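These notes concern the structure reproduced below.
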Protein chains: 2
Amino acid sequence: MKQYNLGIEATLEIIGGKWKALIICLLMSGVKRTSELQRHIDGISQKVLIQQLRELEKDGLVRRYVFQQMPPKVEYSLTEYGVTANKIVEVMCSWGKENIKMRQQQGEDIVLLEGTVTGEF
Amino acid sequence: MKQYNLGIEATLEIIGGKWKALIICLLMSGVKRTSELQRHIDGISQKVLIQQLRELEKDGLVRRYVFQQMPPKVEYSLTEYGVTANKIVEVMCSWGKENIKMRQQQGEDIVLLEGTVTGEF
DNA sequence: TAAGGTAGTTACTTTAAAGTGCGTACTAGA
DNA sequence: TCTAGTACGCACTTTAAAGTAACTACCTTA
């Protein structure tokens, strides 16, 4: 029997980690192919991208559609449930943006490269 | 120069990881001593707890108040900024609760031990 | 006087997550 | 014909986060 003390533990298991929130963020702007996702996510390896996508699929947030053709073509999109998870991603994005602004005002040498990935968050 | 592509990256740096969201969650219910926090957080070691608290303090979410006495007494509380971060923790908690409910209905053998930690989330 | 509680620090080890590099089977284009 | 792109799988290595254990210095209570 698996036990949780707080709801947040389940959330972190599902969308925690280094990449999943970003992937959800990107898929919010529409269906994407594997290579497209990889080009947009700076620094992710193909192995890890696919691994994360499979986990998101297993957890019901992402749908995987395989075209039976050569060369291979696979498309990923958010399920309805995935869209509910995006609510979390949104708050995290906007809080993060405010955090960055604040730190800039305090003189820290940081930037948010807006528009480069989703153009939104 | 530190660069971010998405706001969420900053958020994850600050409240990501295994324990920080839980600590914020607990501190929402009021000022706590170190040992009190450790008793409430199942499985955290003293080293990691203190380390996480110091990082949260450095990031301006947590206030540390040291009583000049023997034996030592230290109290931790959320700053105003820490309270804004709690908004995120709240959505993550409620989404997680829903997720757990859903999985229970699907027959998974899991429980959310409510009331054991904060009695709230 | 010996144990237990307080809030740490330090050094070392373990583990999970992520990264790297290779191979596959096929196609389109130069 | 050679190269590049597509979406993987597999084996191995690296790294960051977390865990473990021991030590400090003082007080209270049994």
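Within every chain, numbering begins at 1; the chains are lettered A, B, ... in the order of the sequence lines, protein sequences first and strands thereafter. Just so you know, these numbers use all the heavy atoms, side chains as well, and skip hydrogens, waters and symmetry mates. Owing to the predicted nature of the structure, the values given are computational and were not obtained by experimental measurement.
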Name the residue closer to the 5' end of DNA chain C, choosing between B/M70 and A/G43 according to the nucleotide with the nearest heavy atom.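 Looking at DNA chain C, the more 5' nearest nucleotide goes with B/M70.
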
On DNA chain C, compare the nucleotides closest to A/G16 and A/P72; which residue's is nearer the 5' end?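 Looking at the nearest nucleotide for each, A/G16 comes out on the 5' side.
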
Taking [atom1] from [X] and [atom2] from [N], how many angstroms apart are they, rounded to a whole number?
X     : N      : atom1 : atom2 : value
A/K32 : D/dA7  : NZ    : P     : 14 Å
A/L49 : D/dT6  : CG    : P     : 13 Å
B/L12 : C/dA18 : CG    : P     : 11 Å
A/Q68 : C/dT27 : CD    : C1'   : 16 Å
B/D42 : D/dA18 : CG    : P     : 16 Å
B/Y65 : C/dA7  : OH    : C1'   : 16 Å
A/L37 : D/dG5  : CG    : P     : 17 Å
A/Q38 : D/dA4  : CD    : C1'   : 15 Å

Between [N] and [X], is there an OP1 or OP2 to side-chain N/O distance shorter than 4.0 Å?
X     : N     : answer
A/R39 : D/dT6 : yes
A/R33 : D/dT6 : no
A/Q69 : D/dT6 : no
A/S35 : D/dT6 : yes

Look up atom CD in A/Q52 and atom CD1 in A/I15, then write down how far apart they are to the nearest 0.5 Å.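 The CD1 atom of A/I15 is 12.0 Å from CD of A/Q52, to the nearest 0.5 Å.
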
Taking salt bridge (charged side-chain N to carboxylate O under 4.0 Å, His left out) as the test, write out the residues that go with [X], two or more places apart.
X     : result
B/E55 : B/K20
B/E98 : B/K101
A/K2  : A/E13

Connected-component partners of A/V31 among ILVMFWY, side-chain separation under 4.5 Å: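 Besides A/V31, the cluster holds no residue at all.
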
Taking everything shown except B/Q69 itself, do over 12 heavy atoms lie less than 6.0 Å from its CD?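 Correct, the count exceeds 12.
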
Output all residues satisfying side-chain hydrogen bond (donor to acceptor under 3.5 Å, both in side chains) with A/R103, sequence neighbours left out; order by chain, then residue number.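 If we apply the side-chain hydrogen bond (donor to acceptor under 3.5 Å, both in side chains) test to A/R103, skipping adjacent residues, the hits are A/N99, A/E108, B/Y4.
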
If you only use heavy atoms from C-beta on, which nucleotide in C/dA18, D/dG5, D/dC26 is closest to the side chain of A/P71?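 So the nucleotide nearest the side chain must be D/dG5.
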
Select one nucleotide: of C/dT6, D/dA7, D/dA18, the one nearest the side-chain heavy atoms of B/K18.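 In terms of side-chain proximity for B/K18, the closest of C/dT6, D/dA7, D/dA18 is D/dA18.
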
Between protein and nucleic acid, restricted to nucleotides 8-15 of chain D and to nitrogen or oxygen atoms under 3.5 Å apart, what atom pairs and distances do you find?
unit_1, atom_1, unit_2, atom_2, d
D/dC8, OP1, A/R54, NH2, 2.7
D/dC8, OP1, A/R64, NH2, 2.3
D/dC8, OP2, A/T34, OG1, 3.4
D/dC8, OP2, A/Y76, OH, 2.7
D/dC8, N4, A/Q46, OE1, 3.0
D/dG9, OP1, A/R54, NH1, 3.2

Looking for any heavy atom pair under 4.0 Å, which part of the strands does B/Q52 touch: base, sugar-phosphate only, or nothing?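 Result for B/Q52 = sugar-phosphate.
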
